[in-house]
Enquirer: 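My structure is below; once you've seen it, I'll send some questions.
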Amino acid sequence: MFKRFLFLLVLLFPLTAHAALNVNGISMTASVNKTSLTMEDELVLTVTVDGATGDFMPQLPSLPAFNVYARSSTTQIINFHSIVTFEFIMLPRFPGKTVIGPITLNYGNKIYKTDPITVTVYRTPNTPQTNTSKSNASKPAAKTAAPPAKARQAEPTPAPADMPPLERDLYNSAARNGDKTYFMVAALSDSTPYVNQSVTLGIRFYFSSNFVDNAPYNEPSISNLFMELISTSEGRQKIDNKTYGYIERRYAISGVTAGPAQVGEASVRYIPAGNLTNISVFDRMFAAVSQEEQTVRSNPLSLTIRSAPQEGKPKSFYGAVGSGYTISASIDREEVEAGEAVNLTVKVNGSGNLKPTSDLKLPNLPGFKVYDVVATSGVVPTNGELKSYKIFKAVVVPLSSGTYTIPALDWSYFDPSAQQYRTIRTQPLTIKATPSSKTDTGFDFATHSELGNGFRELGRDIRYLKSDVSPSKLGVLSTVSDWQIANYLFGALLVLAALFALMDKQTLAGRRALAKARTQLKNAHTEEAVSEALTAYLQARYRVHIASLPLKDITAALRKNGCPAELVQRFDTLWQRLNAARFAPAQMQEENAIELARQATDLIKAMDKGGRA
Amino acid sequence: MKKGILLICFWLAAALSASAADLQSAEELYREGKFAAALGQYEELLKTYPNNAHLYYNIGNCYFKMGTVGLAVANYYRAFRLSPRDGDIRHNLALSLENSGERLVPTGMPEVLHKLFFSLRIDELKGLFFVVLWLFCLLGAFWLVKRRLGRVTLIVLAIVGFLAVWYVWRSKIEQAPLAVVAAPVAELRSGPGKNFPASANVAQGHLLLIQDTKDNWYDVVVKDQGLQGWIEADTLEKI
């Protein structure tokens, strides 16, 4: 029983799931082929319902400014997923700005609504109101011939001054070609945009006579530009009382680098319907008709791409130029374990081309391991203008437990209409990380090193603030470094010592010898002691080694070394007495030794005063 | 007289307590993640305490947290010159330099040698040089007169020579006109003007040696890369 029930459940699951998905996954969008048009133009309102099945019809709001003259629907089913597109073709009833209110859909007991769309309708010059109502009466076929012009005015009537530049230029260019049956024109909404600023390129193929279907269209060549097709539409324009149909393509283009840029010729190859009348069906199908093929080309256009101004350029400027940008940031989880990945997503939307802008740079996130930012971008043509988005995804991993805040992320763009930079920012995000429960040693990153003893480096950050304003220093050395004058003082001391030592070296030696000899003689009580003191003095004073010399040689050496003759004589006499006492000690008394010491003292004093070494 | 001294003491105490309150307030802002506001307060305090290593360090921290690595490096470097033995300053300078692809300790040099070389502030090194020089003068004079302590005098002379070389080397490093790239990217051009072609981009936080100045342009050498060229002064922060 249970198995049967399970079998039925498995069988019915795709159907029930699909039905559930259909109810839950419905979305409805509305768009128009142009937001500025003339009274002669038709407006195509497209409503796309994604995910709904069955029989349903969106409810249009009250549209007093338009006549809805045709509607159609197409359904696409891809992998059990249906997309139904409704097209409403409308003609304006009177000029002015009007709002197409929300389109509603009652489906699955829920009411879905689209955003309102604002459209501006301009008065067509020389177009009487009666013509308008006449035009409204019949559906204009895009490739149906209009009645040929019978007369031409000398000067084409210019477009209204309040028309947007692109519409005006296209209108005026077409007016200048009003004498041709087939022609192409091209115009730009701005020919001096900034790098990455999105401007609109409009190319129209005008015809006032039939041509064979599927005329091949060649896109213009471009240089130094990005180009995205944003819409294709058809319309009518009256030039010199002649009604032309046209097929229009609009592109969003943006400059790559500052400098000149070019939009080359677009072309359409066509076969005028008049040439087909005498050709067999077989020939039409094959090459014979190709000989009749003709080509029209649009005018080439030149642009000058400007750099966004350097002045006031914020750090968070990544190259976006445009207006109405919004930014948001989100994380997939607010509570994780330390070491688990959190996906951080930052989305930027706005008017302009975000594809070529640089990637967002995340700031330093302390406490996180941050992996490289991966960016994806895309463009969404909406109501005749280019909306683009860029999504930055980064994986951040809290390295340890705690509460972390990803700060507000700044993102700047240049607004060309206001001629200034604007900065938008995300809200700060908070992540609460609990301690890791995976392993007892925590988690591992290849880039982080093992410190040993159970410690693992998780990341590096700067150290915390200093709470005082008195850094440590070696005060004494710092103070001393200012005492420059002391250098001179110590230097002078050194110089003085050197001079002193150089100038009076001998005198010093003599004085030292005198002092020493006088002390010895003062304490001498024998002739031997007197003799030794005198020998030491003469050796120091006159550098004469008298111990091993005979008296004659000693006196000669003394004279030679500058000792005066009188003092030499006195020394001679004293030395003989000392020798006599030394060789006849019995005759010597202590009193005699003292007398000899006194005489020796007198002699060395005299030598110190008068003698010269 | 006594009243005057009391007034001065009172004024000093009031000024110190106001600074302490400002420091605390700046620290609270920093802890709350309001780095720009904390930076403003620290810069105000720097006017009261010029050339203060700790204030430069705190300013560097604020810039680092704000993601402005170039200005963080500049302020850590100023703090490092004023207080080279401070481990926190050394750590933060080394980390911020690493973030911008530079190294504090030159490749091949042992870190301990680098720490020894920068163990003294330049004025402390000068003071030490003076003290040892004076000691040498005294010993030299004594030796000249008494012919004693000759070996000790020679050893002190060798130390004087060593300190002189150290001081001159450090002075050369300290007085080198350094700058750091403060803008996200600075363009190195072949001449002092935007009409000269750019030869290289230098990322934020890189250290440059200024060689010449002309109008609003610096002739710089990019250390370790062998590049030389002119960079607009507005993109650099002189240290």
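Below, read A as the first sequence line, B as the second, and so on, with proteins coming before strands; counting in each chain starts at 1.
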Enquirer: Quick one: which of A/S481, A/G491, A/A492 has the most heavy-atom pairs under 4.5 Å with chain B, could you say?
Expert: A/S481

Enquirer: Taking every heavy-atom pair that is under 4.5 Å apart, which of A/D482, A/T405, A/N487, A/L493 has the most such pairs with chain B?
Expert: A/N487

Enquirer: Does the cation-pi check pass for A/K369 over A/Y371, that is, NZ or CZ under 6.0 Å from the six-membered ring centre and within 45° of its axis?
Expert: yes

Enquirer: Establish, from distance only, whether the side-chain atoms of A/S316 and A/S412 form a donor-acceptor pair under 3.5 Å.
Expert: yes

Enquirer: Do A/Y413 and A/F317 have ring centroids that are under 6.0 Å from one another?
Expert: no

Enquirer: With chain A, which of B/F136, B/F129, B/W143, B/Y42 has the greatest number of heavy-atom pairs at distances under 4.5 Å?
Expert: B/Y42

Enquirer: Indicate yes or no: at least one non-hydrogen side-chain atom of B/V73 is less than 4.5 angstrom from one of B/Y63.
Expert: no

Enquirer: Please flag which part of B/T68 lies under 4.5 Å from any non-hydrogen atom of chain A: side chain, backbone, both or neither.
Expert: both

Enquirer: Go through A/V480, A/L489, A/L465, A/L494 and name the one with the most non-hydrogen pairs under 4.5 angstrom from chain B.
Expert: A/L465

Enquirer: Let me know if B/Q24 has heavy atoms under 4.5 Å from chain A in its side chain, its backbone, both or neither.
Expert: neither

Enquirer: Only pairs of heavy atoms separated by less than 4.5 Å count here; which of B/L128, B/N61, B/L55 has the most with chain A?
Expert: B/N61

Enquirer: Assess the side chains of B/E27 and A/Y464: does a donor N or O sit below 3.5 Å from an acceptor N or O?
Expert: yes

Enquirer: Would you call B/L236 and B/V181 a side-chain contact if the rule is heavy atoms closer than 4.5 Å?
Expert: yes

